[in-house]
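Structure first, commentary second.
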Protein chains: 2
Amino acid sequence: MKISAGYAKRKQRTILNVATDLFIERGYDGVSVDAIVKKAGGSKSNIYNYFGGKEGLFRAIVEDLSQQILSPLADAEIDSLPPQQALNVIGKQVLSVVLSDRAISLLRIVIGESQKFPELGNMFFTSGPKPCYERLTRYLEKQQNLGKIKPCNSQQATTQLIGMFLGFYQLQRLLGIIDAPSQEEITNIVDDAVNTFLEVYGIS
Amino acid sequence: MKISAGYAKRKQRTILNVATDLFIERGYDGVSVDAIVKKAGGSKSNIYNYFGGKEGLFRAIVEDLSQQILSPLADAEIDSLPPQQALNVIGKQVLSVVLSDRAISLLRIVIGESQKFPELGNMFFTSGPKPCYERLTRYLEKQQNLGKIKPCNSQQATTQLIGMFLGFYQLQRLLGIIDAPSQEEITNIVDDAVNTFLEVYGIS
DNA sequence: TTGCTATTATACCATACAGTATGGTACAGT
DNA sequence: ACTGTACCATACTGTATGGTATAATAGCAA
């Protein structure tokens with residue numbers, strides 16, 4: 001059917017990329033369909049044919065971007081590492097992903113439009129934070145069974161650890177009060193949090 | 001000069017109250033000036049005379065609301081309490097304020113409009129989170145000097161504690177994934193966080 | 001009552017926007 | 001070369017909005 005499927009696919013990607021940048025920069029209401037078309041080339045018809053309209057395009061973009069940005073959160077390979085290292089690795093992963101400029105911009109939009117697009121919140125959460133949380137919980141459970149850390153409520157412990165990681169930083173980032181932390185700052189934050197955590201839950 | 005100053009003040013308050021509800025419910029772009037006028041009575045001229053326009057009204061509202069909602073954060077009287085109780089008191093205060101429906105709605109708007117109104121982030125932060133953080137830091141310093149808790153970097157400890165309080169909850173609230181926690185849940189979260197914290201920093 | 005000012009109600013303006021319609025063009029398959 | 005489809009450029013439609021102007025009214029001071 002699709003005669004020039006390759007072309008259409010390419011065009012769709014161009015539109016997605018261009019619109020992504022615009023939405024991230026100016027928010028949903030700050031970008032007009034005309035502006036997207038002007039920058040992407042082609043005509044409005046594309047957007048309405050491919051994505052069903054501005055809202056459809058927006059949903060597609062947030063879905064795409066959430067995957068793209070957040071999926072690394074669930075990728076950290078920690079299962080074979082001892083606690084000290086595992087928590088360090090996942091902590092650095094979490095901080096550098098979640099506090100990055102792009103992730104914060106995305107999160108701002110998702111939060112800001114959560115009235116108009118209530119399903120996006122769930123999508124965002126499912127694309128990274130949730131699997132990361134679950135992976136960490138499972139890891140802590142396993143380490144308990146192995147006797148490497150003290151018995152505890154692993155869900156609660158995970159919440160506390162992630163809380164210490166993100167702490168005040170995520171809020172301040174969202175409010176535009178601080179910039180993205182450097183690799184060095186991230187290392188310090190994570191080291192301290194892991195130390196505190198293992199002082200309670202670790203086996204000395 | 002102002003002949004009926006009392007009347008004007010009253011009218012201003014009415015407009016503020018009405019517009020506050022609307023903005024919180026539908027966001028900045030979701031509310032038209034006409035809608036505000038219609039609900040508040042009077043005419044557009046008021047808004048332009050009193051507040052200089054929609055943006056001015058919005059700024060006034062966010063400022064007003066931030067004070068109103070967040071100032072309790074800095075009010076908790078903890079200086080004379082021992083660590084266990086002090087941290088419990090302030091933790092409950094923080095959680096019940098910050099995770100409340102109104103605070104979350106306000107925060108959503110501030111975050112969502114932080115591109116258009118960059119100064120609001122700072123205002124929000126200064127109205128509650130920051131003084132609360134500073135008060136807690138000072139408290140921990142004092143307790144160190146009194147020998148009631150172990151020597152530590154009090155800023156870092158504060159960040160960790162607040163992080164454990166808010167943990168994942170604030171994010172999930174902002175994304176609309178969970179509802180405001182009950183008083184009981186708050187108690188549990190705070191108890192656990194304080195226990196973890198004091199297990200590291202407390203003097204047994 | 002006679003002025004004066006703030007408030008109201010309403011109409012108006014310029015603009016911006018989402019979405020649709022249309023007429024023309026590039027190009028694949030035949 | 002012919003045909004049909006997808007695409008392009010552009011104009012148009014209807015509506016909503018922020019902000020201004022204006023004329024009438026209400027209420028206070030003297």
Side-chain angles (χ1 to χ4, degrees), chain A residues 1-62 109 112-113 115-117 120, chain B residues 1-62 109 112-113 115-120:
Chain A
M1 304 311 165
K2 302 267 175 151
I3 294 189
S4 49
Y7 186 88
K9 271 259 155 25
R10 222 160 41 239
K11 193 83 217 174
Q12 286 181 33
R13 269 256 65 94
T14 308
I15 292 175
L16 278 177
N17 291 337
V18 165
T20 297
D21 290 345
L22 287 175
F23 279 135
I24 280 211
E25 193 183 339
R26 305 190 215 159
Y28 181 77
D29 286 305
V31 179
S32 71
V33 178
D34 291 301
I36 299 171
V37 171
K38 189 171 175 185
K39 213 176 163 192
S43 86
K44 280 185 162 187
S45 324
N46 289 323
I47 292 180
Y48 289 89
N49 287 335
Y50 293 149
F51 305 102
K54 193 186 182 185
E55 297 201 356
L57 175 59
F58 183 66
R59 270 183 252 265
I61 282 180
V62 173
I109 291 180
E113 302 301 329
Q115 312 272 332
K116 203 169 193 167
F117 302 89
L120 294 189
Chain B
M1 310 309 162
K2 303 264 176 156
I3 294 188
S4 48
Y7 187 88
K9 271 262 160 10
R10 226 163 35 244
K11 194 83 217 176
Q12 285 181 32
R13 270 257 62 94
T14 309
I15 293 175
L16 278 177
N17 291 338
V18 165
T20 297
D21 290 346
L22 287 176
F23 278 135
I24 281 212
E25 193 182 340
R26 306 188 214 159
Y28 181 76
D29 287 305
V31 180
S32 70
V33 178
D34 291 301
I36 298 171
V37 171
K38 189 172 178 185
K39 216 176 162 191
S43 86
K44 279 184 163 187
S45 322
N46 289 325
I47 292 180
Y48 289 89
N49 287 334
Y50 294 151
F51 305 101
K54 193 186 183 186
E55 298 200 354
L57 175 59
F58 183 66
R59 271 183 251 266
I61 282 180
V62 172
I109 292 181
E113 304 299 331
Q115 311 273 332
K116 203 169 190 165
F117 303 90
E119 76 279 17
L120 294 188

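The chains referred to below are lettered A, B, ... by the order of the sequence lines, with proteins before strands, and numbering in each begins at 1. None of these values were measured; they are calculated from a predicted model.
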So does A:Lys116 pair up with A:Glu55, basic N to acidic O under 4.0 Å? no
For A:Asn49 and D:dC8, what is the distance between atoms CG and C1' respectively, to the nearest whole Å? 12 Å
Taking atom P of D:dT17 as reference, at what distance in whole Å does atom CG of B:Leu22 sit? 12 Å
Between B:Ser45 and A:Gly42, whichever has its closest DNA chain D nucleotide further toward 5' is A:Gly42
What is the distance, to the nearest angstrom, from the CD1 atom on B:Ile36 to the C1' atom on D:dG18? 11 Å
Quick one: label A:Val31 by what it contacts on the DNA or RNA (base, sugar-phosphate, nothing), any heavy atom closer than 4.0 Å. sugar-phosphate
For A:Ser43 and for A:Val33, locate the closest nucleotide of DNA chain C by heavy-atom distance; then report the residue assigned to the nucleotide nearer the 5' terminus. A:Val33
Can any side-chain N or O of A:Lys54 pair as donor or acceptor with the backbone N or O of A:Val31 at less than 3.5 Å? yes
Report the distance from atom OH of A:Tyr28 to atom P of C:dA16, rounded to the nearest whole Å. 19 Å
Spacing between A:Phe51 atom CZ and C:dG19 atom C1', to the nearest angstrom: 16 Å
In whole Å, what is the span from the OH atom of A:Tyr50 to the P atom of D:dA6? 10 Å
Rounded to the nearest angstrom, tell me the gap between atom CG in A:Asp34 and atom C1' in D:dT10. 11 Å
Minimum heavy-atom distance between A:Ala60 and A:Leu16, given as atom pair plus value: CB-CD2, 4.3 Å
Nucleotide D:dC8, atom C1' - distance to NZ of A:Lys11 in whole Å: 9 Å
Please state whether the rings of A:Tyr28 and A:Phe23 are parallel, tilted or perpendicular, taking 30° and 60° as the class boundaries. parallel
Spatial distance of atom CD1 (B:Ile36) from atom OG1 (B:Thr20) [nearest 0.5 Å]: 9.0 Å
Quick one: label B:Asn46 by what it contacts on the DNA or RNA (base, sugar-phosphate, nothing), any heavy atom closer than 4.0 Å. sugar-phosphate
Touch class at under 4.0 angstrom, heavy-atom based, for A:Ser32 against every strand present: sugar-phosphate
So, does the side chain of A:Lys54 form a donor-acceptor pair with the base of C:dG19 at under 3.5 Å? no
From C:dT8, D:dG18, C:dA18, pick the nucleotide closest to the side chain of A:Tyr48? C:dA18
